[in-house]
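Read through the structure below, which is laid out as structure tokens, and then see the notes.
Computation of the quantities below employed the complete heavy-atom set of this structure, encompassing side-chain atoms and omitting hydrogens, waters and symmetry-equivalent molecules.
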Amino acid sequence: MGRAHIDFVTVGVFSWARLEPEPGRFDLEWLDAVLDDLHSRAIRVDLALPVASPPPWLGVLHPDSLPQTRSGGTLWWGSRNQFDPSSPAYREAARRITRVLVDRYADHPAVVMWHVGNEYGQLSHGEHAARAFRDWLRRRYGDIDALNRAWGTEVWSLGLRDFEDVIPPRDTPYIVNPTLELDFARFVSDELLDCYLDLARIIREKDPHALVTTNFMGFFPLADYGAWMEHVDVLADDHYTDPADPATRLTASLTHSYLRTLGRGRSWVLMEQAAGAVNWRAHNVPKTAAQNRLDSWRAHAHGADAISYFQFRQAASGPETFHSALVPHAGPDTSRFRAAAELGEELAASPLAGQFPGSSRVFFVHDWDSWRASAGRGRVSEALDPITQNEAYYSPFFRAGERVDIGPSSLLITQDDAADGALADCYDLVVLPHQFLLRPALVPVLERFVGSGGTLLIGPLGGVVDQDLRAHLGGTGGGLLDLAGVLREEPWPLADAVTITAVDSATAQVHDFVEVLRTTTAQARWTMTQGPLSGRPLVTRHELGEGVVWYVGGLLGQGPLQAVITEVAAEAAIDLAPLPEDVELVRRGEHVVVLNHGQSLAHVHLGGQCVEVPGEDLVIGRDR
């Protein structure tokens with residue numbers, strides 16, 4: 001670890017069975033030795049509560065603590081994550097091991113942070129979950145009549161007499177009520193957060209100044225990190241790029257932007273990444289040393305001031321035998337470890353460390369509720385994937401090295417309040433790639449933003465439903481389409497590609513999905529010129545106050561979407577001239593990090609100068 005300049009480690013994530021080999025009997029001497037040894041070498045510790053993977057004895061003694069599937073099956077011990085978050089036996093056992101660890105190590109000089117659980121993402125559809133879900137619904141709705149109204153239970157004769165009639169989503173003859181599905185997803189996120197907070201309270205009761213965290217997983221469907229972010233003292237994230245997929249760079253950059261935005265400028269921790277290959281893909285292509293280096297610097301440039309790995313030494317047995325590590329099976333006399341040591345030395349001397357990330361001119365709205373609401377059976381088309389939409393709309397900004405913030409609309413609403421309605425003083429462009437579910441409070445915020453000179457870009461199926469998944473009637477998208485100056489008559493999945501034509505006579509094709517729109521006050525920029533929807537607008541522009549609203553009513557291909565977004569950005573005085581192929585640029589504080597993923601020398605203009613970036617290398621320069 002000293003050779004690799006490692007000064008921060010997570011310890012004990014999956015050690016519950018060793019710490020508590022049977023209920024109430026604890027073996028801590030080995031952990032004492034580990035922590036003492038690390039402290040003697042000036043290595044700081046993020047001490048994990050090992051509650052992500054209970055010992056088999058919990059399932060043996062309390063089989064009701066095991067999670068249940070939608071079909072009523074049991075997920076048994078023999079792997080990891082085998083617990084129902086609502087199980088009283090699990091929750092009490094988790095508190096017990098937490099109290100033991102906190103009482104023993106709260107004052108240990110090596111421990112600088114506490115790590116609660118690991119990648120919270122468990123759920124169960126069993127009876128413990130059902131009882132907790134009913135209590136959650138009582139708090140949310142108050143009485144059963146309010147729940148019936150919200151869920152629209154008059155459809156399919158689903159009216160409920162009492163909260164006791166409610167069950168979690170389970171296998172049914174046909175489609176489950178979509179609002180039940182969404183509320184259960186909300187409950188799962190809240191229940192997982194409650195598991196975290198339950199144990200975080202024990203830590204903070206012992207040490208009110210303790211730093212407490214858990215590791216997020218980027219855009220993860222089972223946890224609404226927008227609701228979690230205020231409860232972690234240090235934001236941490238796990239991200240595993242796919243070295244076989246060139247698009248992985250964009251995904252990583254957008255995910256890191258999400259963490260940076262949730263942190264509101266705070267440094268964050270890249271808690272897990274792979275040094276080489278993972279073991280859970282069908283074909284586990286390893287990272288090269290160059291890819292690993294560039295991945296680490298990308299995260300650091302996006303605000304991560306701890307660059308960590310799973311794991312230090314590669315496991316010699318078990319399910320992760322073939323998951324890479326900084327020290328591989330062959331030992332430290334390997335190119336893998338030598339590259340890690342060189343990278344550690346390089347990062348230890350980084351000029352970026354501790355610098356404030358700086359401001360962004362662009363905000364992408366990613367509401368977890370809207371993502372979950374638009375997924376599942378009974379929707380318009382599976383072609384409309386929110387995460388894919390995020391990445392498609394982000395691509396021109398990524399290719400140009402333009403930093404964006406991305407987070408829940410609550411951040412925009414809060415910032416609008418803090419700025420006395422002058423959100424346009426904070427951002428020049430707001431992008432809504434997938435605002436299927438619309439928070440009513442967002443519309444006046446966006447209206448003030450545009451009226452004050454901001455530019456707004458709205459993707460397809462904006463404002464279709466409210467928070468209860470009840471459709472907004474009248475074609476105005478809950479007021480969102482009024483801002484755009486269009487009216488939506490209906491969605492229209494396509495059987496075949498349709499030709500579209502721009503105002504400058506350029507032509508392209510749209511695939512998979514469009515909306516049947518008509519303009520009220522907007523101007524059509526792209527129009528469908530083929531098929532039954534010939535003459536209908538597809539992309540529109542509307543001047544509103546001192547600003548502009550653009551609406552994209554379909555799934556444009558990469559070329560036309562790039563052209564539209566470039567034009568929209570230009571209205572906000574943002575130049576999206578693309579960087580050379582395979583070049584990535586990230587700004588942090590007063591520095592610019594230029595990453596060249598290609599094999600050949602690249603030339604990039606920075607601050608009026610031409611900078612050479614060797615292949616598979618990076619250059620750090622001063623910001624303009």
Side-chain angles (χ1 to χ4, degrees), residues 1-15 18-19 28-52 97-98 100-119 196 199-200 202-204 206-216 231-239 259 263 266-275 292 296-297 299-300 302-313 325-327 332 337 340-355:
M1 288 184 178
R3 286 173 56 190
H5 292 263
I6 292 172
D7 61 3
F8 175 79
V9 296
T10 295
V11 175
V13 174
F14 293 120
S15 61
R18 186 168 181 185
L19 290 166
L28 305 179
E29 286 75 15
W30 67 271
L31 186 54
D32 292 343
V34 169
L35 296 182
D36 291 346
D37 188 19
L38 290 167
H39 179 61
S40 73
R41 302 168 192 275
I43 297 174
R44 298 166 296 170
V45 172
D46 171 33
L47 185 57
L49 305 181
V51 296
I97 188 65
T98 296
V100 168
L101 292 174
V102 170
D103 286 345
R104 192 172 185 109
Y105 299 116
D107 297 323
H108 195 288
V111 177
V112 298
M113 190 161 72
W114 291 85
H115 183 148
V116 180
N118 179 72
E119 297 184 337
Y196 164 81
L199 305 185
I202 296 173
I203 299 169
R204 289 172 174 144
K206 183 74 173 180
D207 181 2
H209 303 293
L211 294 178
V212 185
T213 191
T214 190
N215 41 342
F216 293 173
H231 301 288
V232 294
D233 299 312
V234 178
L235 282 169
D237 193 54
D238 299 348
H239 191 84
L259 266 290
R266 290 181 287 163
S267 296
W268 56 280
V269 174
L270 179 61
M271 189 68 79
E272 291 184 23
Q273 63 173 329
N292 178 41
S296 296
W297 273 100
H300 184 36
H302 277 286
D305 278 342
I307 304 298
S308 307
Y309 288 85
F310 183 81
Q311 50 195 327
F312 176 66
R313 189 178 297 277
L326 296 178
V327 181
F337 180 72
E342 291 171 4
L343 177 60
E345 182 177 9
E346 186 177 75
L347 287 170
S350 167
L352 276 63
Q355 286 200 10

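Thr214 OG1 to Asp237 CG: the interatomic distance, rounded to the nearest 0.5 Å, is 11.0 Å. The CG atom of Leu31 sits 6.0 Å away from atom CG of Leu47, with the distance rounded to the nearest 0.5 Å. A distance of 9.5 Å separates CG in Asp103 from CD1 in Ile202, rounded to the nearest 0.5 Å. Taking CG of Leu235 as the reference point, atom CZ of Arg266 lies at 4.5 Å (rounded to 0.5 Å).
Considering only residues two or more places apart in sequence or on other chains, Glu119 meets the salt bridge (charged side-chain N to carboxylate O under 4.0 Å, His left out) condition with Arg80. In this structure, the side chain to side chain donor-acceptor pair (under 3.5 Å) partners of Arg41, at least two apart in sequence or on a different chain, are Asp37. Glu272 pairs by the side chain to side chain donor-acceptor pair (under 3.5 Å) definition with Tyr240, not counting sequence neighbours. For Arg313, the side-chain contact (heavy atoms from CB on, under 4.5 Å) test picks out Val327, with sequence neighbours left out. Scored by the salt bridge (charged side-chain N to carboxylate O under 4.0 Å, His left out) test, Arg18 finds no partners at all (sequence neighbours excluded). In this structure Ser296 satisfies the side chain to side chain donor-acceptor pair (under 3.5 Å) test together with Gln273, Tyr309, sequence neighbours excluded. Judged as a salt bridge (charged side-chain N to carboxylate O under 4.0 Å, His left out), and not counting sequence neighbours, Asp238 has no contacts. In this structure, the side-chain contact (heavy atoms from CB on, under 4.5 Å) partners of Ala348, at least two apart in sequence or on a different chain, are His5. Applying the salt bridge (charged side-chain N to carboxylate O under 4.0 Å, His left out) test to Asp233 and every residue at least two apart in sequence or in another chain returns Arg204. The side chain to side chain donor-acceptor pair (under 3.5 Å) check on Thr213 picks up nothing, with sequence neighbours excluded.
Taking every heavy atom of both residues into account, Ala325 and Ala275 meet most closely at O-CB, 3.8 Å. Counting all heavy atoms, side chain and backbone alike, Pro50 lies closest to Leu101 at CD-CD1, 3.7 Å. In terms of heavy atoms, Ala304 sits closest to His300 at O-ND1, 2.8 Å. Heavy atoms only, all atoms of each residue included: Ala274 and Asn292 are closest at O-OD1, 3.8 Å.
Between Val9 and Phe312 the shortest side-chain heavy-atom distance does not fall below 4.5 Å. Counting heavy atoms from C-beta outward, Val100 and Leu19 have side chains that stay 4.5 Å or more apart. Using a 4.5 Å cut-off on side-chain heavy atoms (C-beta onward), Trp297 and Leu343 make contact. With a 4.5 Å cut-off on side-chain heavy atoms, Tyr105 and Leu28 count as touching.
Residue pairs meeting the salt bridge (Lys or Arg N to Asp or Glu O under 4.0 Å) criterion with at least one member in residues 342-352, sequence neighbours excluded, are Arg293-Glu346.
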Anything under 3.5 Å between a donor and an acceptor, one on a side chain of residues 106-118, the other on a protein residue two or more places apart or in another chain? List them.
unit_1 : atom_1 : unit_2 : atom_2 : d
His108 : ND1    : Ala110 : N      : 3.0
His108 : NE2    : Asp36  : OD1    : 2.7
His115 : ND1    : Asp46  : OD2    : 3.0
His115 : NE2    : Gly117 : O      : 3.2
His115 : NE2    : Asn215 : OD1    : 3.0
Asn118 : OD1    : Asn215 : ND2    : 2.9

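The only option from Ile97, Ile203, Val212 that meets the side chain to side chain contact (heavy atoms under 4.5 Å, CB included) definition with Leu49 turns out to be Ile203.
Proximity of a side-chain donor or acceptor of Asp305 to a complementary backbone N or O of Ala353 within less than 3.5 Å is not detected. Between the Trp268 side chain and the Ala299 main chain, no donor and acceptor come within less than 3.5 Å of each other.
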